[in-house]
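A short worksheet on the structure shown next.
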Amino acid sequence: MIDFNDLTGNNSVITHPLNHPFLQETEVAIDVLRLDKIHTIISGNKWFKLKYYLQDVIKYRKKGIVTMGGAYSNHILAVAYACREAGVGSIGIIRGEDRQPYSPTLQDAMAYGMTVRFLDRTTYSGKTIAETLSREYAEYLFVEEGGRGPNGIKGAEEILHLYSSNKYSHIICAVGTGTMMTGLINSASPDQKVIGIPVLKLPDFHASDIFDYIGQNSTNHNYTFQTNFHFGGYAKRNPELIRFMNTFFAEHNIPTDWIYTGKLFYAAMAMVRQGFFDRGAKILIIHSGGLQGNRSLQKGLLTFHS
Ligand SMILES: *Cc1c(COP(=O)(O)O)cnc(C)c1O
């Protein structure tokens, strides 16, 4: 049986201060919460979003979790591993065709015991897919893509409790489904501002839903978005993003992933340069992990190992 406090109850969660001449000039202090370091496999925010789903699997005596994601999904890998650790099963419904060779992410997920099934993109994004899968796999607990939902939010509310976070004026995070951001908003104090960096573009798939979802599930209004840092949309990139990630690693020794945290740190640095923050601002950036996703990039593009 998995110890639910195992990953987060240890002292491996650290913050990492950024040192850069322009931070000193602007008198803006930035700490990075290194959730990428909590575990080698379930890194980042995914553990937080999954823990209450796993408790429900046990409480309702389900066989395991059935969930959805892409071929390089951090969520799919985290579900496969967490379910194995909890001694329950997992089924991953993967977007796209069943084409070999499988991605390293799917190979790992299968090695952890996940049963993988592919669905064409149209069926996958159909409105009734959640219902269909819940019915078809009634003995399993259906978990939405990315761990979205009340249990995901509840878990994400614990991120800021890891660490005395009340000294920060701003908390910045990447936004996929918005589940983590909602948890952060709910657990931040009303005088802290939570800034979300959506990694997808309006009106991308689900994008406007995200703002409604966050609005409906958050208990504070202390948040805002910076929507211009998506680099073309979800899983889109350009050479400037890759260059930034390599430079950022060279300067700070912090690896980032190109789907979420590369865009997040790019945005945060651009905002400092643009004078978005007042002098004396104390910022906490949530490094939400996801480094395994860099395996979708061609070798050599990144100058660091992640
Ligand atoms: C899944 C993920 C996110 C997005 O979290 P949401 O709760 O879906 O908004 C951000 N960063 C990383 C690294 C992720 O894997």
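Indexing begins at 1, ligand by ligand and atom by atom, following the structure's order. These numbers come from the heavy atoms of this one structure, side chains and all, not from hydrogens, waters or symmetry mates.
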- Task: Would you mind checking which non-hydrogen protein atom is closest to atom 11 (N) of ligand 1, with the distance to 0.1 Å?
- Result: S288 OG, 2.7 Å

- Have a look at ligand 1 and work out which part of T177, if any, has a heavy atom under 4.0 Å from it: side chain, backbone, both or neither. both

- Message: Check this for me, if you would: do R295 and D257 make a salt bridge, where the nitrogen-to-carboxylate-oxygen distance has to be below 4.0 angstrom?
- Response: no

- Pick whichever of H287, M181, K49 has a heavy atom sitting closest to atom 6 (P) of ligand 1. K49

- Message: Assess, by modelled atom type and distance only, whether the side chains of T303 and N246 contain a donor and an acceptor separated by less than 3.5 Å.
- Response: yes

- Among all protein heavy atoms, pick out the one at the shortest distance from atom 14 (C) of ligand 1; state its residue, atom name and that distance to 0.1 Å. K46 NZ, 2.9 Å

- Task: Could you tell me how the ring of F277 sits relative to the ring of H170: parallel (under 30°), tilted (30 to 60°) or perpendicular (over 60°)?
- Result: perpendicular

- Message: Before we go on, tell me: are the rings of Y137 and F142 under 6.0 Å apart, centre to centre?
- Response: no

- Message: For atom 10 (C) of ligand 1, what is the closest protein heavy atom, and at what distance to 0.1 Å?
- Response: Y260 CD2, 3.3 Å

- Under the salt bridge (Lys or Arg N to Asp or Glu O under 4.0 Å) rule, what pairs show up with a residue in residues 125-137, not counting sequence neighbours? R117-E136

- Of the choices G262, G176, A156, which has the non-hydrogen atom that lies closest to atom 9 (O) of ligand 1? G176

- Message: Measuring from atom 3 (C) of ligand 1, which candidate in N45, L291, T182 has the nearest non-hydrogen atom?
- Response: N45

